[in-house]
Amino acid sequence: MPLLGVNIDHVATIRQARRGNEPDPVHAAVLAELGGADAITVHLREDRRHIQDRDVRILRDTVRVRLNLEMAVSDEITRFALQTRPDQATLVPERREEITTEGGLDVITHEQRVRQCVDQLQGAGILVSLFIDPDVAQVQKARELGVEAVELHTGAYADARGKSSVDREFERLREAGMFACSQGLILNLGHGLNYQNVTRVAQIHGVHELNIGHSIVSQAVLVGFERAVREMKLLVAG
Ligand code: PXP
């Protein structure tokens, strides 16, 4: 049974819509842990569009499960990671030119930069995962780079429409996943997974962890909305 990493970026997206202090992703992390999250994931983007430096610093102190920092292969963010020391860093693309066809980090084209970043992070005792396409050549390069884990991009599977397309994308995940396991890599999956499409990928042999964000935050807004309105109604009614 795979573990669940909960990505709380979009709690911060809602906060940043007003540049205020609610909802606080730190609070969401506590609730995610109470709900059974095995890891808390945040992406500190170079433009700071959702998660802020302060969030990661506080989460580093408060998260009791693993803290997984998604990050670009950038000097500035790498320095931040080396100071903050998350348990795990997942290298993801942020710029158009770093992306492969499906949207994973192209670790073949950017081998040198990725290697430098991986070495620095591993030198600080941080476990490194690479977010790549479900492509054997990318997995092979990840293996050569000496990382502990890969996260295969499930976006093409999640976006596929019609049984034959879904089956084809699922097979790509399964085959690349099998290859990753055969190479001794920890196998994680993520992006675009939701309450409808998760069950099938959760059954892929050897999957260690699924990283899910947007659909959990979306569901939380809906399942929590009625209660939130009732609580406000009581206050308004006096
Ligand atoms: N894994 C990685 C590497 C990601 O970049 C993201 C999106 O931030 C996710 C998983 C979660 O994707 P989603 O929000 O679609 O569940």
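Counting starts at 1 for both ligands and their atoms, in listed order.
With hydrogens and angles disregarded, a donor-acceptor distance shorter than 3.5 Å links the side chain of Thr154 to the backbone of Gly190.
Partners of His153 under the ring pair (Phe, Tyr, Trp, His ring centres under 6.0 Å) rule, at least two apart in sequence or in another chain, are Phe131, His191.
From Glu70, atom CD reaches atom CG of Asp9 across 6.0 Å, with rounding to the nearest 0.5 Å.
Remark: Arg172 fails to qualify as a cation-pi partner of Tyr157 under the 6.0 Å distance and 45° angle criteria applied to the six-membered ring.
Here the protein heavy atom with the shortest distance to atom 2 (C) of ligand 1 is Glu70 OE2, 3.1 Å. If you check which protein heavy atom lies closest to atom 14 (O) of ligand 1, you get His214 N, 2.8 Å. At the top of the distance list for atom 16 (O) of ligand 1, counting protein heavy atoms only, stands Gly213 N, 2.8 Å. Looking only at protein heavy atoms, the nearest one to atom 15 (O) of ligand 1 is Gly192 N, 2.8 Å. Scanning all protein heavy atoms for the shortest distance to atom 10 (C) of ligand 1 gives Glu151 OE2, 3.3 Å.
Residue-ligand proximity, Ile212 to ligand 1, at heavy-atom distances under 4.0 Å covers atoms 16 (O). Taking every non-hydrogen atom of Asn7 and a distance limit under 4.0 Å, the qualifying atoms of ligand 1 come out as 8 (O). Taking every non-hydrogen atom of Val92 and a distance limit under 4.0 Å, the qualifying atoms of ligand 1 come out as 3 (C).
Sorted by first and then second residue, the ring-ring contact (aromatic ring centres under 6.0 Å, His included) pairs involving residues 55-93 (not counting sequence neighbours) form an empty list.
In this model, a donor atom of one side chain and an acceptor atom of the other lie less than 3.5 Å apart for Thr41 and Asn68.
Of the heavy atoms in His191, both backbone and side-chain atoms come closer than 4.0 Å to ligand 1. Residue-level proximity to ligand 1 for Asn211 is carried by backbone and side chain together, each with a heavy atom below 4.0 angstrom. Neither the backbone nor the side chain of His153 comes within 4.0 Å of ligand 1, counting heavy atoms alone.
Within 6.0 Å of the CG atom in Asp167, the count of heavy atoms belonging to other residues, nucleotides or ligands exceeds 12. The environment of CD in Glu231 is crowded: more than 12 heavy-atom neighbours from other residues, nucleotides or ligands sit within 6.0 Å.
Checked by distance only, ligand 1 and Leu193 stay at 3.5 Å or farther apart across all their nitrogen or oxygen atoms. Looking at ligand 1, you won't find any N or O of Ser215 less than 3.5 Å from one of its N or O atoms.
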Could you walk me through whether Glu148 and Gln122 pass the side chain to side chain donor-acceptor pair (under 3.5 Å) check? CA-CA 9 Å; Glu148 289 85 359; Gln122 287 182 330; 3.1 Å; yes
